[in-house]
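Chain letters run A, B, ... following the sequence lines, proteins first, then strands; residues in each count from 1.
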2 protein chains.
Amino acid sequence: MKTADPELMRAINRFNVLDTIRRHGPISRVEISERTELSTTTVSAITASLLDDGLILTRHEGDIRNAAARGRPRVMLELNPEAARVVGAKIAANRMVFAVTNFRGEVLSNLTLPIRVDRQPIAVIADLIEDGVRRCVVDADLSLDDIDSICIGLPGVVEHRTGHVRSSPIFRETNVDFASEMTSRLDVATIVESDAHAITLAHHWFGRARDLDDMVLVSLEQTLGLGVLHAGQLFRGAGGLSHNLGDLVLGVGRSETIRLSMLAGEKAILGEHAMDGRFAEAVRLGRGMTHAQTLIAAEDDALIAAASRAGEAIGLAVANIVTLFGPPRVVIVGSSLSLGTVFVESIGRSYRDAIPPSISTVAELVFDESADETWAQGAAVVALCELYESPWGTTGPAPAL
Amino acid sequence: MKTADPELMRAINRFNVLDTIRRHGPISRVEISERTELSTTTVSAITASLLDDGLILTRHEGDIRNAAARGRPRVMLELNPEAARVVGAKIAANRMVFAVTNFRGEVLSNLTLPIRVDRQPIAVIADLIEDGVRRCVVDADLSLDDIDSICIGLPGVVEHRTGHVRSSPIFRETNVDFASEMTSRLDVATIVESDAHAITLAHHWFGRARDLDDMVLVSLEQTLGLGVLHAGQLFRGAGGLSHNLGDLVLGVGRSETIRLSMLAGEKAILGEHAMDGRFAEAVRLGRGMTHAQTLIAAEDDALIAAASRAGEAIGLAVANIVTLFGPPRVVIVGSSLSLGTVFVESIGRSYRDAIPPSISTVAELVFDESADETWAQGAAVVALCELYESPWGTTGPAPAL
DNA sequence: CCATTTATTCCCCAATGCGGATTAATTCAG
DNA sequence: CTGAATTAATCCGCATTGGGGAATAAATGG
């Protein structure tokens with residue numbers, strides 16, 4: 001149980017001020033005071049401390065009030081991009097994407113390695129990631145010493161708190177302590193997170209959910225993932241587990257349970273097409289869905305039917321999630337969206353059919369074909385979030401928790 | 001955005017101390033200090049204030065440390081049962097149950113009205129509830145003036161924050177502002193909550209989840225409900241909606257979506273049996289499930305099959321919920337449990353089949369055939385929780401929020 | 001009756017947020 | 001160009017909080 005002392009009080013207000021500055025670009029102290037409902041005195045004190053710690057910068061231009069700007073001009077404050085650098089990575093079965101960002105989450109360099117890593121031994125995957133991180137850092141004209149934190153986004157079930165990967169389609173082993181593995185290799189604090197959570201934060205900071213503190217994101221990639229944002233924070237189940245949508249059960253067949261992943265995973269959609277020569281090559285290169293889109297455009301009936309079936313299943317799952325969480329918006333992302341309108345419309349239709357009438361107006365569905373880079377950026381944001389929350393005043397680099 | 005000032009700080013610590021006293025029976029200041037990690041000084045100050053407000057009592061007996069009790073004996077503190085009285089109610093289609101409790105949540109009187117109210121006009125239902133509340137209060141040798149708060153637990157989708165009932169099987173109308181309705185009738189602050197949330201808190205305070213701050217409860221009554229306890233608090237979707245399990249989609253039939261309620265609601269289980277004369281009478285009296293149990297004992301094949309099918313569907317739904325929330329325990333309650341082992345074992349079997357192996361050890365299933373009184377008590381606990389959180393120092397009886 | 005032990009309270013300090021007064025930095029009127 | 005007006009930011013003093021250490025209270029044991 002956290003004891004509420006003045007220190008915590010300050011930490012909370014400090015975080016709110018910092019977060020307000022992050023969200024609302026260059027912003028004056030007065031406006032921070034209005035938004036946070038803290039007194040100008042307190043804002044002044046906190047911003048002084050933030051300036052002192054080099055987390056924010058002043059800027060004397062850009063006071064864009066009504067032209068009749070009487071009085072002393074406001075001094076605008078903004079995040080100091082140099083305050084920290086982090087690396088975010090998205091690891092998928094057939095590619096790894098890295099991004100180095102500054103304290104604002106702006107990408108300084110990024111790197112895509114189209115390597116198929118699934119089912120390789122942990123050590124091999126870790127080697128490749130280590131290499132990618134190092135290269136991406138160099139690309140940004142930095143050294144690893146300049147990096148404050150790293151976050152690896154993986155598909156599957158990830159226990160953020162402990163850094164264990166319970167199960168992932170790209171690992172043969174289960175329950176891997178991957179955070180420790182990478183931390184010891186790179187000698188930089190490294191955290192592990194579900195890729196869906198990463199893209200969720202990316203959309204909260206920069207994408208389709210900038211305006212919302214509550215929302216749900218569904219990611220449709222090789223793996224089907226879920227991210228829930230609640231009161232501006234990632235909602236991680238009781239034990240800090242990430243959610244794995246693909247494991248959701250949609251019914252029972254003759255002798256087996258039918259999981260969403262069996263109906264709507266990449267494999268399920270491509271089906272026997274994946275066997276075809278040219279297609280198989282495309283899939284291997286991670287262009288499976290784009291290729292499928294061209295086949296659909298050419299009216300490949302089997303594929304159209306598969307896409308439609310998958311969309312239906314996903315629509316049902318989304319309806320269930322809305323039933324449970326009641327978010328004002330559901331952002332749907334992932335490579336499967338490049339299947340095109342057949343797929344997307346199927347999701348929408350099925351959702352509208354399945355959503356209970358009593359809450360049919362609660363949620364709005366938004367589709368977004370996020371770029372790979374955005375996923376890696378999201379992972380970087382996860383890392384930044386941890387930095388934000390940590391007790392900045394204390395210089396300690398190791399946030400022992 | 002809540003600004004963190006000394007007042008909030010005190011409110012937090014005060015709540016923690018009060019909650020610790022509630023949970024751990026008569027407890028000394030020293031032990032409170034240990035559990036909350038607040039200094040003894042602070043605990044002393046806060047308890048002095050709580051004593052001053054009459055929320056807790058001292059008791060000089062009962063220091064049960066090791067017999068070698070040297071030194072000044074500890075003064076035990078406990079909740080003052082007289083500090084508040086609340087009424088909780090559980091409204092079901094065929095009965096209404098009321099309970100008056102003291103500040104500790106102990107039942108002072110309770111009352112069951114076996115009245116079928118579903119689909120009556122709001123005014124009629126409100127009349128009946130008003131009457132029940134008044135009678136139950138009188139039974140406890142109290143007057144309505146003595147009551148600090150009332151909570152009505154209803155099946156369906158309830159928006160706790162606004163007091164609106166979005167949809168409920170017992171209301172013909174949708175989106176009813178039932179909290180206002182009852183508040184104006186009784187002239188006592190009345191809140192509305194999902195019945196599932198009520199029984200969830202009941203189990204957290206007194207039942208099968210006393211030891212846990214994170215858990216999920218599934219209620220199987222006429223309506224299928226869900227309660228999620230997260231970090232010791234009810235998790236109410238983004239908008240304060242309650243969850244409605246029955247609306248979960250389990251698949252798509254020829255021309256309609258198959259919802260859990262269609263497979264596992266009371267009606268679905270009893271099926272055509274409900275038409276039978278004696279049986280219909282039992283159902284009308286709210287003894288449908290018990291009666292069904294005797295039929296099952298007599299090896300009524302159709303009913304056994306129905307119970308088994310329903311159990312399967314629920315097992316799947318529970319597996320999905322565990323996939324999403326990852327709670328350490330799932331408490332399953334409700335009248336349907338009186339169907340007996342066929343039903344319960346079917347749930348367990350189906351759950352074990354459906355739960356993804358990677359998280360098969362996360363959650364433990366617990367069945368509990370909670371008495372009606374417990375549900376009403378749970379509603380009372382919901383009311384008490386609101387009182388707990390409110391700014392006690394200020395005397396205002398109307399917690400305007 | 002007094003030493004010992006343990007629980008609780010008292011006294012004082014550091015930190016926090018806030019309100020009001022003060023200072024700073026600009027525009028506008030003449 | 002100068003001074004009044006206006007708005008932003010800071011400074012000062014206060015009330016409140018939690019914490020540490022000393023002091024006090026209330027029992028036991030000899």
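No engagement by B:Ala45 is indicated, since no non-hydrogen atom pair under 4.0 Å with the nucleic acid exists. Nucleic acid contact class of B:Ala48 (heavy atoms, under 4.0 Å, all strands): none.
Closest contact between the side chain of B:Ser39 and the listed nucleotides D:dG19, C:dA25, D:dA26 involves D:dG19. You'll find that the side chain of A:Thr41 is closest to D:dC12, out of D:dT17, C:dT8, D:dC12. Distance from the side chain of B:Val30 is smallest to C:dA7 among C:dA7, D:dT17, C:dG17.
With rounding to whole Å, A:His60 atom NE2 is found 15 Å from D:dA8 atom P. If you take CG of B:Leu8 and P of C:dC18, they are 11 Å apart, rounded to a whole angstrom. When rounded to the nearest whole Å, the span between CZ of A:Arg14 and C1' of C:dA15 equals 14 Å. Straight-line distance from the CD1 atom of B:Ile27 to the P atom of C:dA7: 13 Å, rounded to whole Å. Computed from coordinates, the B:Phe15 CZ to D:dG18 C1' distance equals 19 Å when rounded to whole Å. Rounded to an integer number of Å, the gap from CD1 of A:Ile12 to P of D:dG18 is 13 Å. With rounding to whole Å, A:Met9 atom CE is found 8 Å from D:dT16 atom C1'. Look at CG on A:Asn16: it is 16 Å from P on C:dT16, rounded to the nearest Å.
A donor-acceptor pair is defined here as one N or O able to donate and one able to accept, closer than 3.5 Å; no such pair exists between the side chain of B:Asp214 and the backbone of B:Pro327. When atom types are taken as modelled, the side chain of A:Asn102 and the backbone of A:Glu82 share no donor-acceptor pair closer than 3.5 angstrom. A donor-acceptor contact shorter than 3.5 Å links the side chain of A:Asn80 to the backbone of A:Gly54.
Side-chain N/O atoms of B:Thr42 include none lying less than 4.0 angstrom from OP1 or OP2 on D:dG18. Remark: A:Arg70 is not in phosphate contact with D:dT7, judged by side-chain N or O atoms under 4.0 Å from OP1 or OP2. Distances shorter than 4.0 Å separate some side-chain N or O of B:Thr3 from OP1 or OP2 on C:dC18. Taking 4.0 angstrom as the limit, A:Arg29 places a side-chain polar atom (N or O) nearer than this to OP1 or OP2 of D:dA9. Note on A:Asn13: a side-chain N or O is less than 4.0 Å away from OP1 or OP2 of C:dG17. In this structure, B:Arg10 reaches the D:dG18 phosphate: one of its side-chain N or O atoms is under 4.0 Å from OP1 or OP2.
A:Asp146 CG: more than 12 foreign heavy atoms inside a 6.0 Å radius. In the displayed structure, A:Asp213 atom CG is contacted under 6.0 Å by more than 12 heavy atoms of other residues, nucleotides or ligands.
A donor-acceptor contact under 3.5 angstrom links the side-chain atoms of B:Arg72 to the base of C:dA7.
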